[in-house]
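Just so we're clear, the structure is a prediction, and the values are computed from it rather than from any experiment.
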Amino acid sequence: MAKLARSPTTSPPAAAADKHRSAAGSGLRSLASAASGWWDRWTVIGSGLSKLERAFGDQFPEGERYFGLENFGNTCYCNSVLQALYYCAPFREQLLEYYRRNRNLEDAEENLLTCLADLFSQISASKKKTGVIAPKRFIQMVRKLNEYFRGYMHQLLMELEKNHWLHGYIRIFRCLMCETITAKDETFFDLSVDIEQNSSLTSCLKNFFSTETLNADDKFFCDKCCSLQEAEKRMKIKKAPQILVIHLKRFKFIEQLNRHKKLSYRVVYPLELKLSSNSADADCEYSLFAVVVHLGSGPNQGHYVAMIKSHDHWLSFDDDNVEMIPESTLQTFYGSYHEYSGNTDHGYILFYGRIGGSGNEKTDSSDGV
């Protein structure tokens, strides 16, 4: 049965008046909103303060600078790591000192380290407190040195090693045939740690430093036996570094798929971390000051941002955009309880500063990185 069509009627006087008042109120609200937006923009322009400066208010750290980095098409990973390194106070101070010592050398050859030092100098010496800067020379040098852009870190590490900014650990082997113990010193800038579902960073590190048996195709060549033998292997950090960088191995090669897959495993990383027996320095404590986050479902796609703690405030560095965030935001990047989840944003590289050493801005930068 068809519904009867309602005949048009005129609004009663009271309803018409309400409608008129409603329309007038709506117009006033729109005008007020527009005026408010105009006032906010005028305030920023008129006072010369950026949005971040207004967020800090009178708590803006004296002498500090917060600059976003321009993206050159595929440089978000590079930008995120650069930001984490810049806000690693001892690394920054030593790099600026390196810049001061070498900037007037006429015969000095430009390399990745000089370009990085120049970038840090531009930021720290800026008259503005906030803004955006283009790390053009650094990116050009990266691409010149390595056709695979992601490999820029290798080139940087080579320069860091020349300047004694890498850390060391001992790889200890015990031959199960003759019981001979062999120790091999190695250097590292970051620890690449395997991860498991619904785990913690502490448990992942425990597995990383646990004793492993080498057999079958992984046998150890024992110098005393002069042959390949089954052996036990474990690692121990020679001296607890002032800055501990931990890389969570979220991209795993799956033989059945013949490609890398991103592991969305939930791994809880604490704000405070102890190395305990994993280092020659007993019960060494660290404080988290930066997290590089991968946003996306796969290794060949997505985006990188950095969450950084500076002067007791957490900030998000998303290429050229820098804004303040609550500390609780870090928990959203732990990972997913289930493999198939809509959450594709996960912590990837963690930066910890040693408490009481020369870690973050609270510490003495003279000890080095």
Side-chain angles (χ1 to χ4, degrees), residues 50 52 60-72 75-105 108-145 152-166 189-190 241-243 245 289-290 292 304-311 313 315-322 349 351 353 358-369:
S50 67
L52 187 59
F60 199 100
E62 184 177 355
E64 191 60 274
R65 298 291 181 266
Y66 297 101
F67 275 70
L69 298 177
E70 183 180 335
N71 190 311
F72 290 92
T75 59
C76 57
Y77 174 68
C78 180
N79 286 348
S80 298
V81 174
L82 287 177
Q83 295 286 20
L85 291 176
Y86 182 82
Y87 291 98
C88 169
F91 181 85
R92 183 207 307 183
E93 290 306 314
Q94 289 216 4
L95 203 58
L96 291 175
E97 177 58 30
Y98 171 85
Y99 175 80
R100 287 189 287 268
R101 291 197 311 265
N102 293 276
R103 62 180 174 179
N104 295 322
L105 298 179
E109 182 181 356
E110 187 175 74
N111 56 46
L112 204 61
L113 199 61
T114 60
C115 291
L116 182 59
D118 180 66
L119 174 64
F120 279 19
S121 178
Q122 288 182 54
I123 296 174
S124 64
S126 174
K127 293 182 180 180
K128 294 183 178 180
K129 293 182 177 181
T130 64
V132 178
I133 194 169
K136 192 172 183 179
R137 287 179 60 202
F138 182 81
I139 298 299
Q140 287 176 339
M141 181 59 68
V142 167
R143 289 172 170 164
K144 177 182 177 181
L145 292 173
Y152 87 94
M153 182 62 81
H154 173 68
Q155 302 292 338
L156 179 58
L157 293 184
M158 289 175 61
E159 296 297 336
L160 293 178
E161 186 171 17
K162 292 177 186 176
N163 289 275
H164 311 292
W165 286 333
L166 292 186
F189 179 73
D190 64 341
Q242 301 302 335
I243 302 299
V245 184
F289 72 89
V292 172
Y304 291 90
V305 299
M307 308 294 163
I308 297 173
K309 185 179 183 180
S310 173
H311 301 273
H313 294 278
L315 300 101
S316 167
F317 291 79
D318 184 354
D319 286 331
D320 57 359
N321 183 52
V322 183
I349 304 177
F351 290 76
S358 57
N360 209 355
E361 64 270 357
K362 301 176 183 178
T363 58
D364 178 13
S365 62
S366 61
D367 291 341
V369 180

Problem set entry | Backbone of Phe120 reached by a side-chain donor or acceptor of Ser124 within 3.5 Å | yes
Exercise. If we only count heavy atoms from C-beta on, is the Leu119 to Ile133 side-chain gap below 4.5 Å?
Worked result: yes
Exercise. Within the side chain of Ser121, is there an N or O that forms a donor-acceptor pair under 3.5 Å with the backbone of Ala117?
Worked result: no
Problem set entry | cation_pi(Lys129, Phe60) dist<6.0 Å, angle<=45 | yes
Problem set entry | Under 3.5 Å: donor-acceptor pair, side chain of Arg65, backbone of Ala125 | no
Problem set entry | Atom pair CG (Asn71) and CG (Asn321), whose distance is rounded to the nearest 0.5 Å | 12.5 Å
Problem set entry | Atom pair CD1/CG of Ile123 and Leu82 - distance to nearest 0.5 Å | 8.0 Å
Exercise. Can any side-chain N or O of Asn111 pair as donor or acceptor with the backbone N or O of Thr114 at less than 3.5 Å?
Worked result: yes
Problem set entry | Nearest-0.5 Å distance, CG of residue Leu96 to CZ of residue Phe91 | 10.0 Å
Exercise. Would you say the side-chain atoms of Ser310 and Tyr66 include a donor-acceptor pair closer than 3.5 Å?
Worked result: yes
Exercise. Given Phe351 and Cys88, is the side chain to side chain contact (heavy atoms under 4.5 Å, CB included) satisfied, shown in steps?
Worked result: CA-CA 8 Å; Phe351 290 76; Cys88 169; 5.7 Å; no
For this session: Walk me through it: do Tyr304 and Cys78 pass the test side chain to side chain contact (heavy atoms under 4.5 Å, CB included)?
Result: CA-CA 9 Å; Tyr304 291 90; Cys78 180; over 6 Å; no
For this session: Working to the nearest 0.5 Å, report the span between CD1 of Ile308 and CZ of Phe289.
Result: 8.0 Å
Exercise. Do Val322 and Ser316 come close enough that some side-chain heavy atom pair is under 4.5 Å?
Worked result: no
For this session: Please determine if Glu64 and Arg92 form a salt bridge, counting it only when a charged side-chain N lies under 4.0 Å from a carboxylate O.
Result: yes
Exercise. Does the side chain of Leu113 come within less than 4.5 Å of Tyr98's, by heavy atoms?
Worked result: yes
Exercise. Taking side chain as C-beta onward, heavy atoms only, is Ile349 less than 4.5 Å from Asp190?
Worked result: no
Exercise. Does the side chain to side chain contact (heavy atoms under 4.5 Å, CB included) test come out yes or no for Gln140 and Lys136, once each step is laid out?
Worked result: CA-CA 6 Å; Gln140 287 176 339; Lys136 192 172 183 179; 3.6 Å; yes
Exercise. Does some side-chain heavy atom of Leu69 sit less than 4.5 Å from a side-chain heavy atom of Phe138?
Worked result: no
Exercise. What do the steps show when you test Phe317 against Tyr87 for ring pair (Phe, Tyr, Trp, His ring centres under 6.0 Å), and what is the final call?
Worked result: CA-CA 11 Å; Phe317 291 79; Tyr87 291 98; 5.2 Å; yes
For this session: Would you sort out whether Asn79 and Gln83 count as a side-chain hydrogen bond (donor to acceptor under 3.5 Å, both in side chains), showing the intermediate values?
Result: CA-CA 6 Å; Asn79 286 348; Gln83 295 286 20; over 6 Å; no
Exercise. With a 4.5 Å heavy-atom cut-off, do Cys115 and Met141 have their side chains touching?
Worked result: yes
Seminar exercise, completed: Between the CZ atom in Arg100 and the CG atom in Leu95, the distance rounded to the nearest 0.5 Å is 10.0 Å
Problem set entry | Steps toward side chain to side chain contact (heavy atoms under 4.5 Å, CB included) verdict (Glu70, Asp319) | CA-CA 6 Å; Glu70 183 180 335; Asp319 286 331; over 6 Å; no
